[in-house]
2 protein chains.
Amino acid sequence: MDTSSQSGSDKQTESARSFLPQPSNGICARLGDKWTIEVIWRLSLAEKRRLRFSDLKRKTDGITQRMLTLTLRNLERDGFVKRHYFPEVPPRVEYELTGLGAGILASLQGLNLWIRDNLPRIEESRQAYDDTGEQGNRFR
Amino acid sequence: MDTSSQSGSDKQTESARSFLPQPSNGICARLGDKWTIEVIWRLSLAEKRRLRFSDLKRKTDGITQRMLTLTLRNLERDGFVKRHYFPEVPPRVEYELTGLGAGILASLQGLNLWIRDNLPRIEESRQAYDDTGEQGNRFR
DNA sequence: CTGAATCCGATCTGATACTG
DNA sequence: CAGTATCAGATCGGATTCAG
C-alpha cells in the first residue's frame with residue numbers, strides 16, 4: 001500500500017504499471033457524485049443495511065427528494081443497492097445495500113483514511129495557492 | 001461528524017463507523033473528474049514523475065489543451081502536482097507529481113483493484129436493469 | 001510551446017408542484 | 001410515503017481563437 005516514497009528511482013515505473021488508468025467505466029465519477037458516497041454510507045450503518053426512503057432522506061442532511069431518488073436509481077442500476085417495494089397504504093419502500101455495495105465501501109476505506117490524514121496538508125496547499133496566485137499570471 | 005441518531009446497533013455497524021461520511025472536502029469529486037486520475041497516473045509513470053505540458057497532452061488521449069490546463073491547475077492547487085516553469089524560447093513547463101500526489105494514487109489502488117474485479121458484475125447488473133426496466137414504472 | 005479567453009451545448013442540482 | 005415532471009441556475013467539457 002505504501003509506494004509513495006522513492007523519488008529519483010527510474011525503476012519505480014515497474015510497480016506503478018499495475019495501476020488502472022481508466023476512470024473505470026464511470027465508477028469513480030459516480031462515487032464523486034454529490035450524494036452517492038454518503039447514501040451508501042448511511043445504508044451501511046443501518047440495521048440489516050436497510051432503510052426506507054423517508055429514513056434515508058432524513059438521515060442524509062440536505063438531500064432533496066429528487067436527488068435521493070436519482071442517487072438510488074443509479075446505485076440500484078449498478079447493483080450496489082436493492083430495492084424492496086411493499087404495496088401497502090401508504091406505500092413503503094426499503095433500500096438495502098448489497099454485498100457489492102458494501103464491498104466498494106470497504107475498498108474506499110483506504111482512500112478515506114489517506115484523505116483524513118492528508119487533508120490538512122491539502123488545505124494548506126490550497127490556502128497558499130489562493131494567496132499567492134491572485135496577483136500574477138502563469139509565466140513565472 | 002455524526003449527525004443522525006442511530007436506530008439500531010448491529011455488530012457490523014461497529015467497524016463501519018470508522019468510515020468517513022463526508023465527500024471529504026471535494027477530494028472524491030475531484031478524483032471523479034474526467035481527466036484527473038489519468039493525468040496523475042501518466043505523471044506517476046514518467047521518469048522522475050515529471051512531464052512537460054505537451055508530453056502530458058500527447059500521452060493523455062483525447063484531452064484538450066483547455067482541460068489539461070484546468071486539470072493541472074486543480075492538482076497544483078491541492079498540492080498533488082508541482083509546476084516548474086523555464087523561461088526559455090519557446091517556453092517549457094514541466095509538471096511533477098509530488099509525494100502527496102503519488103500517495104493518493106497508491107491509496108487509490110485498492111479501490112481500483114476492487115473495481116477491476118467487480119466490473120463484470122456491475123455491468124451485468126446494468127444490463128439487467130436496462131432490460132427489465134424499460135416497460136414498467138417503479139411501483140412493483 | 002504554454003495557456004488564457006470566449007462561446008456553446010450538455011449535464012448536474014435544487015426548488016416546486018403534482019400523482020398513486 | 002414514494003415518486004415523477006418541469007423549470008431554472010450553475011457547472012462541466014469541448015471547440016475555437018488569441019497572446020506571451
Side-chain angles (χ1 to χ4, degrees), chain A residues 23 26 28-39 42-43 46 50-77 81-96 129 133-140, chain B residues 7 23 26 28-39 42-43 50-77 81-96 129 133-140:
Chain A
C28 287
R30 170 100 312 127
L31 294 175
D33 280 354
K34 188 165 183 181
W35 301 106
T36 298
I37 290 181
E38 179 164 1
V39 166
R42 293 292 176 190
L43 284 173
R50 268 186 173 216
L51 282 176
R52 52 187 300 180
F53 186 87
S54 49
D55 289 336
L56 201 41
K57 177 162 179 351
R58 196 162 1 84
K59 286 174 189 290
T60 309
D61 196 63
I63 199 172
T64 62
Q65 197 175 45
R66 172 185 144 81
M67 288 315 295
L68 180 55
T69 299
L70 289 178
T71 302
L72 286 170
R73 290 295 164 275
N74 287 328
L75 290 173
E76 189 189 357
R77 191 174 103 99
V81 158
K82 175 136 177 49
R83 180 178 182 268
H84 302 274
Y85 174 68
F86 302 92
E88 310 164 356
V89 275
R92 175 167 58 101
V93 179
E94 291 181 359
Y95 289 93
E96 179 189 11
Y129 184 91
E134 56 195 21
Q135 29 157 32
N137 61 26
R138 306 300 312 167
F139 295 100
R140 53 192 166 75
Chain B
S7 52
C28 287
R30 169 100 315 124
L31 293 174
D33 281 353
K34 186 165 184 181
W35 302 106
T36 298
I37 289 181
E38 179 163 2
V39 166
R42 294 291 176 192
L43 285 173
R50 268 186 175 219
L51 283 176
R52 53 186 300 179
F53 186 87
S54 48
D55 289 337
L56 202 40
K57 176 161 180 351
R58 194 162 5 81
K59 285 175 190 288
T60 310
D61 195 63
I63 198 171
T64 62
Q65 199 175 45
R66 170 185 147 82
M67 287 317 293
L68 180 54
T69 300
L70 289 178
T71 302
L72 286 169
R73 288 298 163 273
N74 287 326
L75 289 174
E76 190 190 357
R77 190 175 103 98
V81 158
K82 177 140 177 46
R83 181 177 182 269
H84 301 275
Y85 174 67
F86 301 92
E88 310 165 356
V89 277
R92 174 167 58 101
V93 180
E94 290 181 0
Y95 290 93
E96 179 190 10
Y129 183 91
E134 55 196 19
Q135 40 173 19
N137 61 24
R138 305 302 311 170
F139 295 101
R140 53 193 167 75

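Below, chains carry the letters A, B, ... as their sequence lines are ordered, and counting in each starts from 1.
Distances were taken from every side-chain heavy atom of B:Val93 (C-beta onward) to each of D:dC1, C:dG14, C:dG3; the shortest belongs to C:dG3. With D:dG14, D:dC1, D:dG3 as the candidates, the nucleotide lying closest to the side chain of A:Pro90 is D:dC1.
Phosphate proximity of D:dA2 to A:Arg66: absent, as no side-chain N or O sits under 4.0 Å from OP1 or OP2. The phosphate of C:dG3 has OP1 or OP2 within less than 4.0 Å of a side-chain N or O from B:Arg83. Note on A:Tyr85: every side-chain N or O is 4.0 Å or more away from OP1 and OP2 of C:dG20. Proximity of B:Arg92 to the phosphate of C:dT2: no side-chain N or O atom is located under 4.0 Å from OP1 or OP2. For the OP1/OP2 pair of C:dG3 and a distance below 4.0 Å, the side-chain nitrogens and oxygens of B:Tyr95 include at least one atom meeting the criterion. Residue A:Thr64 places no side-chain N or O under 4.0 Å from the OP1 or OP2 atom of C:dT13. The phosphate of C:dT2 (OP1 or OP2) has no side-chain N or O of B:Thr69 nearer than 4.0 angstrom.
Between the CG atom of B:Asn74 and the P atom of C:dG3 there is a distance of 14 Å, given to the nearest Å. Atoms CD (B:Glu76) and C1' (C:dG3) sit 13 Å apart, rounded to a whole Å. Rounded to an integer number of Å, the gap from A:Lys57 NZ to C:dA15 P is 10 Å. At whole-Å resolution of the value, CD1 in B:Ile63 and C1' in C:dT2 are 14 Å apart. One atom, NZ of B:Lys34, and another, C1' of D:dA15, lie 13 Å apart when rounded to the nearest Å. In this entry the distance linking CG of A:Asp55 with C1' of D:dA2 reads 13 Å, nearest Å. One atom, CE of A:Met67, and another, P of D:dA2, lie 18 Å apart when rounded to the nearest Å. Across the protein-nucleic acid pair, A:Leu70 atom CG and C:dT11 atom C1' stand 12 Å apart, rounded to whole Å.
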Problem set entry | Stepwise salt bridge (charged side-chain N to carboxylate O under 4.0 Å, His left out) test for A:Arg58 and A:Asp55 | CA-CA 5 Å; A:Arg58 196 162 1 84; A:Asp55 289 336; 2.4 Å; yes

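Taken from CG in A:Leu70 to OG1 in A:Thr36, the straight-line distance is 10.0 Å, to the nearest 0.5 Å. To the nearest 0.5 Å, the span separating CZ on B:Arg50 from CG on B:Leu43 amounts to 11.0 Å. Residue B:Leu68 holds its CG atom at 10.5 Å from CD of B:Glu38, rounded to the nearest 0.5 Å.
Residue A:Phe86 is classed as having no contact, given no heavy-atom separation below 4.0 Å to the nucleic acid. At a threshold of 4.0 angstrom between heavy atoms, the contacts of A:Gln65 include nucleobase atoms, whether or not backbone atoms are also involved.
Summary of the strand contacts: B:Phe53 and A:Trp35 both lie near DNA chain C, and taking for each the nucleotide with the nearest heavy atom, the more 5' one is attributed to B:Phe53. If B:Pro91 and A:Pro91 are placed on DNA chain D by their nearest nucleotide, the residue sitting closer to the 5' end is A:Pro91.
Within the 3.5 Å criterion, the main-chain N or O of A:Met67 finds a donor-acceptor partner in the side chain of A:Thr64.
Shown here for B:Gly62 and B:Trp35, the closest heavy-atom pair between the two residues is C-CH2, 3.6 Å.
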